[in-house]
Amino acid sequence: MKHRVPEIGVALAALAIGAWPAAVQAQAWPARPLRIVVPFAPGGSTDIVARALGARASEGLGQTVTIENRAGAGGNIGAEAAARAAPDGYTLFMGHVGTLAINPALYRKLPYDPIRDFAPITLAIASPLMLVVHPSLPAKGLKDVLALARSRPGQLTYSSAGSGSASHLAGALLDSLGKVDVLHVPYKGTGPATMAVVGGEVSMMFSGQGTSWPLVNSGKLRAIAHTGSKPIPNAPKLASMNESLAGYEVINWHGVLAPAGTAGEIIRRLHAEFVKALGSPEVRSRLTEDGFQVVGNTPDEFARFIASEKDKWAKVIAGAKIPQE
Ligand code: MLT
């Protein structure tokens with residue numbers, strides 16, 4: 001039976017050893033739908049990954065998993081909402097390199113603590129971004145983009161998913177390592193930011209492959225380079241940014257977390273269900289087609305990964321002198 005109500009004897013024993021209500025709560029869980037807070041607008045990597053995983057995990061959990069888009073402030077609004085939610089296993093967070101590793105160094109004041117406020121469940125995916133431009137921009141490769149930016153200082157623009165998002169840092173690194181001045185225009189997610197390039201509101205963006213690749217194939221965008229260090233499977237001939245800009249690398253990663261204080265038993269079950277979802281052939285092929293590398297690891301490994309990424313980005317932001325928000 002899925003929704004077991006604890007027997008009175010079990011409940012009293014739990015009370016006697018001081019484990020109430022976590023043990024009882026964990027036994028009855030999940031008794032209603034779960035939600036994953038996505039801190040960006042629909043259409044970007046965070047949303048794509050959360051929807052694919054949520055739909056598959058809901059089968060194993062026997063409950064609907066809904067997606068709640070709480071966009072704004074580079075993901076900080078959604079991250080804060082998830083951090084402050086009741087740690088009862090019904091609110092999850094789709095965290096990523098921006099909210100968990102970049103924003104602590106980029107924002108003077110962060111309304112949550114990426115380490116203290118969350119219980120990691122699993123790293124889900126990692127993927128390089130893709131620099132895409134409006135097809136009218138006279139640039140075929142990164143060298144053309146850099147030359148154009150130098151000849152028109154302060155005139156070219158890049159959109160991002162918000163200040164502190166992976167797409168923002170990718171642009172800030174282009175400015176810093178390329179010694180150019182392409183202006184940042186933040187949106188509330190990769191979805192609207194990519195459409196801003198298609199509509200000609202901005203010149204370029206470092207977009208998620210799942211969002212931008214179909215638009216490149218239909219001729220609405222032109223791909224210039226990717227931000228990884230080895231060829232990407234969907235476009236093996238596409239140049240890497242670091243071929244023209246030494247030291248350039250931005251890997252956008254995403255993972256599932258719960259608010260800190262969520263019962264260990266619930267975390268273990270969520271971990272099992274999300275890792276199963278990541279391993280399912282249809283989720284795997286969907287995510288791989290969208291240019292994501294499927295990962296999956298243990299809560300401890302994910303916690304160590306977040307801590308090391310946070311250190312890495314603090315150094316990158318300080319070294320590249322990226323201004324704080
Ligand atoms: C980012 O650029 O940080 C994210 O991919 C944003 C998003 O998922 O929309």
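In this chain, residues are counted from 1 in sequence order. Counting starts at 1 for both ligands and their atoms, following the listed order.
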Trp253-Glu309 side chain donor-acceptor pair, cut-off 3.5 Å
yes
Hey, are Glu201 and Tyr187 close enough side-chain-wise for a donor-acceptor pair under 3.5 Å?
yes
Tell me which protein heavy atom sits closest to atom 9 (O) of ligand 1, plus the residue, atom name and distance to 0.1 Å.
Thr190 N, 2.8 Å
When distances are taken from atom 8 (O) of ligand 1, the protein heavy atom at minimum range is Thr46 OG1, 2.5 Å
I want to know if ligand 1 touches [X] in the polar sense, i.e. an N/O pair below 3.5 angstrom.
| X | answer |
| --- | --- |
| Asp47 | no |
| Gly189 | no |
| His254 | no |

Using a strict cut-off of 4.0 Å, indicate which atoms of ligand 1 neighbour a heavy atom of [X].
| X | value |
| --- | --- |
| Gly44 | 8 (O), 9 (O) |
| Ala166 | 1 (C), 2 (O), 3 (O) |
| Ala161 | 1 (C), 2 (O), 6 (C) |

Could you see which bit of [X] sits under 4.0 Å from ligand 1, with heavy atoms only: side chain, backbone, both or neither?
| X | result |
| --- | --- |
| Asn252 | side chain |
| His168 | neither |
| Ser167 | both |

Taking all non-hydrogen atoms of both residues, which atom of [X] and which atom of [Y] are closest, and how far apart?
| X | Y | result |
| --- | --- | --- |
| Gly228 | Ile251 | CA-CD1, 4.0 Å |
| Ala83 | Asp117 | CB-CB, 3.8 Å |
| Val283 | Ala277 | CB-O, 3.3 Å |

Can you tell whether the side chains of Arg304 and Asp300 come within less than 4.0 Å, N to carboxylate O?
no
Quick one: are the ring centres of His168 and Phe206 less than 6.0 Å apart?
no
Tell me whether the NZ or CZ atom of Arg32 lies within the 45° cone about the ring axis of Tyr90 and under 6.0 Å from its centre.
yes
